[in-house]
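Residue numbers count from 1 along this sequence. The structure presented is a predicted model; accordingly, all values stated were derived computationally and were not measured.
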Amino acid sequence: MSDKATVLRQLSPEQPVLLAGPTGSGKSALALEIAQTQGGVIINADALQVYDNWRVLTARPSREDEACVPHHLYGHVGAETAYSVGAWLRDFAPFLQCGQRPIIVGGTGLYFTALTRGLAGIPPIPAGVRAKADTRLANEGPAALLAELDAPTRHRLDSANPARIQRAWEVLTATGQGLAAWHAHTPAPILRLGDAQPLLIDADRDWLTERIERRFDAMIAAGALEEVAANLAAGWTPERPSAKAIGAPELVAYLKGNRSLKDAVAAGKTATRQFAKRQRTWFRSKMREWTTLALP
């Protein structure tokens, strides 16, 4: 584990930078610092910051930060668009040829995995299969879908992640082939890990918890409630692809009169801490080859 100053001194201004870490750990600020001191363009690798209907609640970089250094793949997807890892990879690919070093920053581990390990060519899931999966997940829970998966896929999945279970069930149902089999025939990555500088923020848990709670309060002060209200007015539903913004369901409940603001904020902070915990677990399991950056 290395300290920030040492890592930044050792970075090459020629190679792409990969910067991953849990929510609230200061990734965006660090990416901006690297870009300002060494040059480069910042590319988003966060599955929620791609949506144009969220800025405050997903902690997208401010307009002031975006004016300082070019930022790409932020807020470029409509709220009702089902945006996949494959779509992100296609959108990202041109930046490897743009003539400026990309600094790829985010908390979506699957984006980094697809980028550096390759992505299986799984065909799009038909709407009917997805609708059936949505209904079964809501009515029966993830365990029912998990039980129907092929053994190799089931053993590799994070059984605590309903979204991953649903995705695996959809793939098996739509293609007749499990995710494990698809992944076994994954093509070469477009950016090998050895051709980049991968940095993983491993923040102290107590420090991160305090930052998460302060940031959620700052989001409320910066207009998160108004942003959620605007989404409600535009037809927000839990089924929307963009609806998984952390804290959104809790603030929606407040705006609908189903809980107090104090309770909604507390629940939003809890949801954010739980999300950060899942991210840290995933990163430590999947990113062992990355340079670990200790914060604070």
Side-chain angles (χ1 to χ4, degrees), residues 21-32 42-83 87-88 91 105-108 111 134 138 162-163 203 207-279:
T23 186
S25 60
K27 301 182 298 294
S28 297
L30 182 55
L32 183 63
I42 296 174
I43 315 294
N44 172 45
D46 186 288
L48 290 170
Q49 290 183 343
V50 303
Y51 286 106
D52 62 4
N53 57 317
W54 299 118
R55 177 181 287 274
V56 178
L57 201 60
T58 61
R60 271 170 52 192
S62 67
R63 291 182 174 86
E64 292 75 17
D65 288 347
E66 291 176 340
C68 292
V69 170
H71 286 64
H72 299 282
L73 305 189
Y74 290 92
H76 69 300
V77 178
E80 297 183 6
T81 302
Y83 192 72
W88 178 84
D91 289 344
V105 57
T108 301
Y111 283 9
D134 288 339
W207 176 82
L208 184 61
T209 295
E210 183 179 344
R211 280 179 60 92
I212 284 171
E213 298 197 351
R214 286 204 316 269
R215 190 181 70 167
F216 204 93
D217 289 334
M219 287 175 175
I220 297 297
L225 280 173
E226 291 78 3
E227 187 175 65
V228 173
N231 273 272
L232 270 176
W236 183 93
T237 66
E239 292 76 30
R240 266 190 173 187
S242 62
K244 294 181 176 62
I246 308 302
E250 292 78 12
L251 296 181
V252 164
Y254 161 69
L255 290 172
K256 288 185 172 182
N258 296 328
R259 69 191 314 165
S260 70
L261 179 58
K262 181 179 179 181
D263 286 347
V265 169
K269 291 177 179 179
T270 297
T272 309
R273 290 196 305 270
Q274 291 171 341
F275 179 64
K277 181 179 179 180
R278 292 195 299 272
Q279 286 178 301

- Query: Quick one: does Trp88's side chain have a donor or acceptor within less than 3.5 Å of a partner on Asn44's backbone?
  - Reply: yes

- Query: Between Val265 and Ile220, is any pair of side-chain heavy atoms under 4.5 Å apart?
  - Reply: yes

- Contacts of type side-chain hydrogen bond (donor to acceptor under 3.5 Å, both in side chains), residue Gln274, not counting sequence neighbours: none

- Query: Taking NZ, NE, NH1 and NH2 as the nitrogens, is one of them in Arg273 or Glu213 under 4.0 Å from a carboxylate oxygen of the other?
  - Reply: yes

- Query: Quick one: CD1 on Ile212 to OG1 on Thr270, what's the gap to the nearest 0.5 Å?
  - Reply: 10.5 Å

- Message: Working to the nearest 0.5 angstrom, can you tell me the gap between His72 NE2 and Glu66 CD?
- Response: 10.0 Å

- Parallel, tilted or perpendicular, as decided by the 30° and 60° cut-offs, for the rings of Tyr83 and Tyr51: perpendicular

- Query: Step by step, would you call Leu232 with Leu255 a side-chain contact (heavy atoms from CB on, under 4.5 Å)?
  - Reply: CA-CA 9 Å; Leu232 270 176; Leu255 290 172; 3.9 Å; yes

- Message: Are Ser28 and Asp65 packed together at the side-chain level, in the sense that at least one heavy-atom pair is separated by less than 4.5 angstrom?
- Response: no

- Note on the structure: Between the CG atom in Leu48 and the CZ atom in Phe275, the distance rounded to the nearest 0.5 Å is 6.5 Å

- Query: If every non-hydrogen atom of Leu251 is compared with every non-hydrogen atom of Ala264, which pair is closest and at what distance?
  - Reply: CD2-CB, 4.2 Å

- Enter the distance from His71:NE2 to Gln49:CD here, rounded to the nearest 0.5 Å. 9.5 Å

- Message: Between Lys27 (side chain only) and Gly21 (backbone N and O only), is there a donor and an acceptor less than 3.5 Å apart?
- Response: yes

- Task: Give the minimum heavy-atom separation between Trp54 and Glu227, together with the two atoms involved.
- Result: CE3-OE1, 3.3 Å

- Between the side chain of Thr108 and the main-chain N/O of Ala47, is any donor-acceptor distance below 3.5 Å? yes

- Of all heavy-atom pairs linking Thr23 and Ala276, the shortest is CG2-CB, 3.8 Å

- Message: Could you walk me through whether Tyr74 and Ile42 satisfy the side-chain contact (heavy atoms from CB on, under 4.5 Å) test, starting with their C-alpha distance in whole Å, then the side-chain angles of each, then the deciding distance to 0.1 Å, before giving a yes or no?
- Response: CA-CA 10 Å; Tyr74 290 92; Ile42 296 174; 3.6 Å; yes

- Note on the structure: Closest non-hydrogen atoms of His76 and Asp91, given as atom of the first, atom of the second and distance, are NE2-OD2, 3.3 Å

- To the nearest 0.5 Å, atom CZ of Arg215 lies from atom NZ of Lys269 at 12.0 Å

- Note on the structure: Across all chains, not counting sequence neighbours, the side-chain hydrogen bond (donor to acceptor under 3.5 Å, both in side chains) partners of Asn53 are Asn231, Ser242

- Message: For Pro241 versus Thr81, what's the shortest heavy-atom pair and its separation?
- Response: CB-O, 3.1 Å

- Message: Under 3.5 Å, is there a donor on one side chain and an acceptor on the other for Arg240 and Thr237?
- Response: no

- Task: Could you tell me which non-hydrogen atom of Ala222 sits nearest to which non-hydrogen atom of Val56, and how far apart they are?
- Result: O-CG2, 4.0 Å

- Query: Between the side chain of Arg259 and the main-chain N/O of Ala253, is any donor-acceptor distance below 3.5 Å?
  - Reply: no

